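First up is the structure itself, then whatever we jot down about it.
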Amino acid sequence: MRTATDEGGEAMADPATVDPSSAARGRRGSDHPLPAALVMIAVFAFLLGVVELGIGLRAPGALWVVALFAGVFWIWVAAGLLAWWRRPHNNTGLLLVVGGIALFLAGLVNLGVDPLSVLSAIFATSPLAMTMHLLHAFPSGRLRGRLSITTVVLGWVACPVLQLVVVLLSASAPAAVPLVAAVQKTLGITVMVLTAVVLARRLVVADATHRRALLPLFGYGIVAVLILAFAPTIVGALGWDPAIGGVTQLIVSAAIPVAFLLGVLLGGFRRTGDLEPLSAWLGITGAGGPAVARALAGTLGDDSLRVVYWSAERDEYVDEAGGPVDPAQRGPDRGWCEIRVDSRLVGAIVYDTRMTADPAPVRRAGDVLAIAIDRERLTAELLASNDALTQSRIRLVETADRERSRIAQDLHDGIQVQLVLLALAAQTIANSPDATRETSEASARLRHGIDEAAADLRRLVHNVLPVTLTERGLTAATEDLVDRLAIPATLEADIDDAALSSTTAHTAYFIVAEALTNTVKHSKASWVRVTMRAEGARLRITICDNGIGGASLDRGAGLHGLLDRVDALGGRLRLRSEPGHGTEVRVELPCG
């Protein structure tokens, strides 16, 4: 069972460069009911506005006011539907649509229909409360912070609640209406001023990225709430027609959804995707590491999103490169959604809680990604194990080379020196004037035998580790091999011996020596060619002849044993030997 437990909120945006995001956009409509529902809301809102205009035709003098309310209503609903479509998990779109409906209800008073006028009177101040709520909830769509929550609650009390009280008292106790209206006005102005203070503070403390997203709306919002709060008072103080204050408020309200859209479109928001295509994409591609994080960021619309992995050995989170997680990722505005497989912690999704408050989509994404993240963890462990195995095999090869060098050195400095001394002693005995003829002849034969043994020992030492290879490098040692062949041979070498590790040089030499030995013994070739080139960090060797072919790595222990050595170094050895077409041995080794 795979689970994701959450410690925070939602997301911002990333360009849709990831396949699952594209697939999600392509599949919306038939598989998901949201677009169809938005179309229905749009049609319904359009018809409401048309009906409002139709009724307004009965009072031509007020038709321009009715048309103005209908236009503002359509603007709010259109902005809300667009925001809702782009980010379905964010409440901003829904709030804009509800705000448009509040404006529609507030404008019914202009139709001159008594029942509608009563309904309009109840909702007359609701657009102000909705505007304030939207400003405090942006960009996540949910209220954050005690001051914002308190301000919005007081705003709803000042507008719909006290407005309803005023309407009820107008019919039952008209004398109390001025007092309640005064309280309502004072409370309304207070919450509007507090809203401007909260918005200004959020802009000041925001970083550059979030300020870009917040500035279009909050900058206008600060001005708008102050105009909405004080416009009627200013108009009354100047002795103007009160209708001017109402029209001013309406025009200011009409621009608010436009500011919201600017914040959404210019502030880095991207349309979110669906989790089903993401799951299918992960199953098909088997992607991991950075690709998984990019796919998730594209699906959730949060370009700041990161995927981190839990290291049980280190008891901490690490990034995809195995390094410790940046402490900045644990800030107060960063949410952590833990990813678990069978109750075992395997990683976490780190995201921005300032841009989205609803953790549900992140938790669902965590469930989808749980197996992918666990697979990434297992892959990392396998790679680490494979790397450790490779290093272990290289160390074995290097140990064998060191042991070979030690043996060769011991033979050269120990037994060979002793044989030379014994040969000198035998020669001294043979040349002694006191030695009999038989003794001299026996000593001479002994010296000759010692010389042959010393020569055999030198050949053995050369085969174990040529002095030319250790003292002059791979090129000179290979030239010595080629020069001593019994058949015509050529060597083409373009390498820097200093750039080769001793293990690579030894392996290359023994492969060339074994291949040339097989050529002379078995191929019946009339020529052989050796090519050695360094290309980047790889050494490439080719040994080819014009012999009878038919060679195989399965026969004989020479090249087959070297094949294991090549594989241990991370190289490749290929043999092509078709009967009658000669033999070609190709070897690729790491230079380092």
Side-chain angles (χ1 to χ4, degrees), residues 41-81 95-134 155-156 158-171 174 177-178 180-181 184-185 188 192 224-225 227-258:
I41 293 174
V43 172
F44 182 69
F46 175 76
L47 293 177
L48 279 179
V50 170
V51 171
E52 184 179 21
L53 289 173
I55 299 176
L57 292 175
R58 297 172 50 191
L63 181 59
W64 69 274
V65 180
V66 174
L68 186 59
F69 266 96
V72 175
F73 164 59
W74 282 335
I75 291 174
W76 275 69
V77 172
L81 293 178
L95 292 175
L96 281 168
V97 172
V98 174
I101 295 174
L103 274 167
F104 173 81
L105 295 175
L108 294 179
V109 67
N110 301 298
L111 299 180
V113 180
D114 291 340
L116 296 181
S117 297
V118 175
L119 181 64
S120 176
I122 296 174
F123 289 95
T125 57
S126 294
L128 300 178
M130 182 56 66
T131 298
M132 182 184 53
H133 191 147
L134 275 165
W156 282 106
C159 295
V161 176
L162 291 182
Q163 184 66 24
L164 177 60
V165 173
V166 169
V167 173
L168 294 177
L169 290 178
S170 299
V177 170
V180 176
Q184 180 188 30
K185 181 178 179 179
M192 289 297 183
V225 293
I227 293 176
L228 292 174
F230 295 105
T233 303
I234 295 174
V235 169
L238 295 175
W240 295 350
D241 187 348
I244 296 177
V247 171
T248 301
Q249 289 179 317
L250 190 59
I251 294 174
V252 170
S253 297
I256 288 177
V258 177

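Keep in mind that what you see is a predicted model, and the values were worked out from it rather than measured.
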What distance separates [X] [atom1] from [Y] [atom2], expressed to the nearest 0.5 Å?
X    : Y    : atom1 : atom2 : value
L96  : L134 : CG    : CG    : 5.0 Å
N110 : W64  : CG    : CH2   : 8.5 Å
L68  : L103 : CG    : CG    : 10.0 Å
I256 : I75  : CD1   : CD1   : 11.5 Å
L105 : F73  : CG    : CZ    : 8.5 Å
M192 : T131 : CE    : OG1   : 6.5 Å

Shortest non-hydrogen separation from [X] to [Y] and the atoms involved:
X    : Y    : answer
L111 : G56  : CD2-N, 3.9 Å
A45  : V77  : CB-CG1, 3.7 Å
A224 : V252 : CB-CG1, 3.6 Å
S120 : G107 : OG-N, 4.1 Å
L128 : C159 : CB-SG, 4.1 Å
Q163 : A121 : NE2-O, 2.9 Å

Quick one: do V113 and L108 satisfy side chain to side chain contact (heavy atoms under 4.5 Å, CB included)? Show the steps, please. CA-CA 8 Å; V113 180; L108 294 179; over 6 Å; no
Side chain of W76, backbone of P257: donor and acceptor closer than 3.5 Å?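 No, the answer is negative, given that no donor and acceptor are paired below the 3.5 Å cut-off.
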Walk me through whether M132 and V225 qualify under side chain to side chain contact (heavy atoms under 4.5 Å, CB included). CA-CA 7 Å; M132 182 184 53; V225 293; 5.6 Å; no
Does the side chain to side chain contact (heavy atoms under 4.5 Å, CB included) test come out yes or no for F104 and F69, once each step is laid out? CA-CA 7 Å; F104 173 81; F69 266 96; over 6 Å; no
Test log, rule side chain to side chain contact (heavy atoms under 4.5 Å, CB included), inputs V165 and Q184: CA-CA 10 Å; V165 173; Q184 180 188 30; over 6 Å; no
Ring-plane angle category for H133 and W156, please: parallel below 30°, perpendicular beyond 60°, tilted otherwise.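 Plane angle over 60°, so perpendicular.
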